[in-house]
J.: 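Would you mind keeping the following structure in view while I ask a few things?
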Amino acid sequence: MKNLIAGGLATLLCLGTALARAEDMPTTWDGLTEIKPKRVDAAYLLPGADFRPYTKLMIDPVEVAFEKNWVRDFNREATGTSRDLKQEDIDRITGAVRQHFAEVFTEAYGKAGLALVTEPGPDVLRVRPGVIDLFIAAPDVQSAGRSRTYTMEAGHATLFLEVRDSTTGTLLGRALDKRATRESGYAQVTNSVTNLSDFRAL
């Protein structure tokens, strides 16, 4: 199971990176067929899938995967080892991303009029959300002393969504959407509070 999850995340990271080159995106993915969406970068649906019977949602825990080499590159450019990203920092950031994106998903689906449930059923769609290729320009590192970081933008990420029938597990669709946080046009103080606000807006 661990190898399966690792392989799935590796595939997602490759596809998320490929969004910068639309011509590199595959036309099929695990039996799903590419469609031309209006609001996201890439979407795939099971041919003949009918979403009309679904009026409720189960939302799996949000999966989080950082951009390749993000930690290595950040630590290489950090001034002093006290500013390095350590495993405890990565775990803390991952937990915050998982919590706040879950809140955003729950709010959005609730506003769309879909009931959120925790048990499968014939009218329940299971949603697996993920945030991949996550890049944070200035993570708030827990270090000794006080310092300020200024950036033009908070970073970027790719949103991943997978939907399945909750009772049979049948894969019905996937979507990917890569976005950057809004540029302020000028350098401003960046910390955990501003990062949270920018990524929630994203």
Side-chain angles (χ1 to χ4, degrees), residues 8-68 70 96-117 123-137 152-166 169-185 194-202:
L9 279 175
T11 301
L12 292 179
L13 288 170
C14 290
L15 287 168
T17 301
L19 288 176
R21 305 179 305 277
E23 67 274 12
D24 293 340
M25 294 296 289
T27 57
T28 60
W29 184 7
D30 290 345
L32 306 178
T33 300
E34 183 183 20
I35 63 171
K36 300 301 180 183
K38 295 181 179 179
R39 297 187 178 182
V40 296
D41 291 323
Y44 297 79
L45 290 178
L46 180 68
D50 184 3
F51 290 90
R52 289 174 296 181
Y54 302 106
T55 59
K56 302 172 185 175
L57 290 180
M58 285 178 61
I59 304 179
D60 287 350
V62 178
E63 296 182 18
V64 180
F66 293 96
E67 185 176 83
K68 184 180 179 181
W70 171 66
V97 171
R98 184 172 290 122
Q99 173 191 340
H100 290 288
F101 270 90
E103 291 175 359
V104 169
F105 289 137
T106 300
E107 291 171 6
Y109 288 130
K111 289 179 181 178
L114 295 166
L116 301 179
V117 298
D123 58 347
V124 178
L125 191 67
R126 185 165 192 162
V127 179
R128 172 189 165 210
V131 179
I132 61 175
D133 274 344
L134 175 60
F135 173 86
I136 304 173
M152 298 281 284
E153 63 177 40
H156 58 254
T158 297
L159 170 66
F160 165 75
L161 288 177
E162 179 181 274
V163 292
R164 294 177 179 268
D165 181 273
S166 65
T170 301
L171 178 61
L172 300 175
R174 289 186 180 130
L176 291 157
D177 194 43
K178 186 172 186 176
R179 300 286 177 94
T181 57
R182 181 175 54 186
E183 275 198 34
S184 62
T194 62
N195 280 336
L196 173 58
S197 176
D198 286 340
F199 276 99
R200 284 188 71 103
L202 174 65

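None of the values given here were measured: they were computed from a predicted structure.
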J.: Shortest non-hydrogen contact from V131 to A157?
T.: CG1-CB, 3.8 Å
J.: How long is the straight-line distance from CG of L116 back to CD of E107, given to the nearest 0.5 Å?
T.: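 Going from the CD atom of E107 to the CG atom of L116 covers 11.0 Å.
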J.: Is a side-chain N or O of Y44 found less than 3.5 angstrom from the main chain of P26, in a donor-acceptor match?
T.: yes
J.: Tell me every residue that passes side chain to side chain donor-acceptor pair (under 3.5 Å) with R164, counting only those two or more places apart in sequence or in another chain.
T.: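 Only E162 meet the side chain to side chain donor-acceptor pair (under 3.5 Å) criterion with R164.
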J.: Could you tell me whether the side chain of I132 reaches within less than 4.5 Å of the side chain of T158, counting heavy atoms only?
T.: yes
J.: Looking at V163, L114, D165, T55, which hits side chain to side chain contact (heavy atoms under 4.5 Å, CB included) with L125?
T.: V163
J.: Once you round to the nearest 0.5 Å, how far does CZ of F66 lie from CD1 of I136?
T.: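 With rounding to 0.5 Å, CZ (F66) is 5.5 Å from CD1 (I136).
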J.: Over 60° means perpendicular and under 30° means parallel, so tell me whether F160 and W29 are parallel, tilted or perpendicular.
T.: tilted
J.: Distance check, rounded to the nearest 0.5 Å: L134 atom CG versus L159 atom CG?
T.: 12.0 Å
J.: Answer whether the closest heavy-atom distance between the side chains of L32 and L45 falls below 4.5 Å.
T.: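 No, side chains not in contact.
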J.: Compare all side-chain heavy atoms of Y54 with those of S166 and state whether any distance is below 4.5 angstrom.
T.: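 When only atoms from C-beta onward are counted, S166 and Y54 do not touch, as no gap falls below 4.5 Å.
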J.: Can you label the angle between the F105 ring and the F101 ring as parallel, tilted or perpendicular, going by 30° and 60°?
T.: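 Plane angle between 30° and 60°, so tilted.
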J.: Work out which heavy atom in P47 is nearest to a heavy atom in G31; give both atom names and the distance.
T.: CD-O, 3.6 Å
J.: Looking at every heavy atom in both V127 and P129, which two are closest together, and how far apart are they?
T.: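 Nearest heavy atoms, V127 then P129: O-CD, 3.4 Å.
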J.: Any chance you could measure L161, atom CG, to R174, atom CZ, to the nearest 0.5 Å?
T.: 11.5 Å
J.: Do you know which two heavy atoms are closest between G130 and V62, and how far apart they sit?
T.: CA-CG1, 4.3 Å
J.: Apply side chain to side chain donor-acceptor pair (under 3.5 Å) to R52 and list each qualifying residue two or more places apart in sequence or on a separate chain.
T.: D50
J.: What's the separation between atom OG1 in T181 and atom CZ in F135, rounded to the nearest 0.5 Å?
T.: 10.0 Å
J.: Out of curiosity, H156 NE2 to D133 CG, how far, rounded to the nearest 0.5 Å?
T.: 6.5 Å
J.: Can you name the nearest heavy-atom pair linking V97 to V64, along with the distance?
T.: CG1-CG2, 3.8 Å
